[in-house]
Protein chains: 2
Amino acid sequence: MKLPIPQQEDAVFRALADASRRHLLDRLHRRNGQTLVELCEGLDMTRQAVAKHLAILEEANLVATERQGREKLHFINPVPINAIAERWIRKFERRHLSALAALKSKLEGEGHD
Amino acid sequence: MKLPIPQQEDAVFRALADASRRHLLDRLHRRNGQTLVELCEGLDMTRQAVAKHLAILEEANLVATERQGREKLHFINPVPINAIAERWIRKFERRHLSALAALKSKLEGEGHD
DNA sequence: TTAATAAGGAACCAATAGGTTGCCTGTCAA
DNA sequence: TTGACAGGCAACCTATTGGTTCCTTATTAA
């Protein structure tokens, strides 16, 4: 099921919006290929809640899974995050920043924050 | 009001989760320093809805505002996005990707998608 | 000085999100 | 072959979100 880019992008942004899900990605980043129960360890949530979060991450294509016997291994997929970095972050990057930095310091000089 | 990093980060991720808000950032990126009514133009939403979105972006420190008479100008602030890019995206960057690419193609070779 | 304009405040509403509990299915090991 | 274990399904609940409408305030221009 190949989504059009903006829709895929929306799914990724929304998946990343939740701290628990970012935490799960973090754990997978530290050790890839964990099962659901492993990912539940130490979390203040039921297994079903974690399963839902993982489903959302999978839907956003941020994790891929592989069934192995009665276990389901979860693997992080860095591609969508990089895609967003390309399409979204780059345009706010340093070179653009220069023009805006002037403005920002101007604003700050006028008593903002 | 200086938030601790993770909390600030959470605000940014959540602000970016909504497509309308990303669209507003896009518009500000194309032309900076617009007023509320300007930002409303062509959007299928009431002014108040847009104002709420802008408030959330401002809360996340993604836009800064400057009152000028009865108008309020909105300026994009690229710093938080870059901060997230630094703290979050970099660790899923290319060099890490190499190790994972092998895994990914392995998974795909086994009939995923 | 007053009408128009830009924005803010607040109450309200429907839909969605995040979480729970309870139960079912499939696989492995004793 | 049967219990224990990993996971899936679904109903349900509450808080949050994205949006509306109505009203007020402040600034500007005629």
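Proteins get letters first, then strands, A, B, ... in listed order; numbering begins at 1 in each.
- One distance of note links CG of B:Asn77 with CG of B:Asn82; it measures 9.5 Å at 0.5 Å rounding.
- In this structure B:Arg27 satisfies the salt bridge (charged side-chain N to carboxylate O under 4.0 Å, His left out) test with no other residue, sequence neighbours excluded.
- A:Arg30 is linked by a salt bridge (charged side-chain N to carboxylate O under 4.0 Å, His left out) to nothing, counting only residues two or more places apart in sequence or in another chain.
- Using a 4.5 Å heavy-atom cutoff, the side chains of A:Ile76 and A:Leu62 are not in contact.
- Residues forming a salt bridge (charged side-chain N to carboxylate O under 4.0 Å, His left out) with B:Arg87 (at least two apart in sequence, or on another chain): B:Glu9.
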Write down the protein N/O and nucleotide N/O pairs, taken from nucleotides 26-29 of chain C, whose separation is under 3.5 Å; answer none if there are no such pairs.
| from | atom 1 | to | atom 2 | distance (Å) |
| --- | --- | --- | --- | --- |
| C:dT27 | O2 | A:Arg70 | NH1 | 3.3 |

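- Summary of the strand contacts: A:Glu71 and B:His53 both lie near DNA chain D, and taking for each the nucleotide with the nearest heavy atom, the more 5' one is attributed to A:Glu71.
- For A:Glu71, there are no salt bridge (charged side-chain N to carboxylate O under 4.0 Å, His left out) partners two or more places apart in sequence or in a different chain.
- The side chain to side chain donor-acceptor pair (under 3.5 Å) search around A:Arg70 returns none, not counting sequence neighbours.
- By the side chain to side chain donor-acceptor pair (under 3.5 Å) test, A:Glu58 pairs with A:Thr65, sequence neighbours left out.
- The distance between atom CG of A:Leu54 and atom P of C:dG19, rounded to the nearest whole Å, is 12 Å.
- Chain B approaches DNA chain D within less than 4.0 angstrom (heavy atoms of the protein), and the contacting nucleotides run 5' to 3' from D:dT17 to D:dT28.
- Tracing side-chain contacts under 4.5 Å through hydrophobic residues (I, L, V, M, F, W, Y), one never reaches B:Leu73 starting from B:Ile56; they form parts of separate clusters.
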Mind listing the side-chain donor-acceptor pairs of residues 11-21 of chain B below 3.5 Å, one per line with the distance, residues two or more places apart or on another chain?
| from | atom 1 | to | atom 2 | distance (Å) |
| --- | --- | --- | --- | --- |
| B:Asp18 | OD1 | B:Ser20 | N | 2.8 |
| B:Asp18 | OD1 | B:Ser20 | OG | 3.3 |
| B:Asp18 | OD1 | B:Arg21 | N | 3.2 |
| B:Arg21 | NE | B:Ala15 | O | 2.8 |
| B:Arg21 | NH1 | B:His53 | ND1 | 3.1 |
| B:Arg21 | NH2 | B:Arg14 | O | 3.3 |

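- Residues from residues 38-50 of chain B with heavy atoms under 4.0 angstrom of DNA chain C, sorted by number: B:Arg47, B:Gln48.
- Using a 4.5 Å cut-off on side-chain heavy atoms (C-beta onward), B:Leu54 and B:Leu24 make contact.
- Between B:Leu36 and B:Val50, the closest heavy-atom pair is CD1-CG1, 3.8 Å.
- Counting to the nearest Å, the C1' atom of C:dG8 and the NZ atom of B:Lys72 are 9 Å from each other.
- As rounded to whole Å, 11 Å separates atom C1' of C:dG8 from atom NE2 of B:His74.
- If you check residues 13-28 of chain B against DNA chain C, you find no residue with a heavy atom closer than 4.0 Å.
- Applying the side-chain contact (heavy atoms from CB on, under 4.5 Å) rule to A:Glu38 yields the partners A:Arg31, A:Gln34, A:Thr35; only residues at least two apart in sequence or on another chain are considered.
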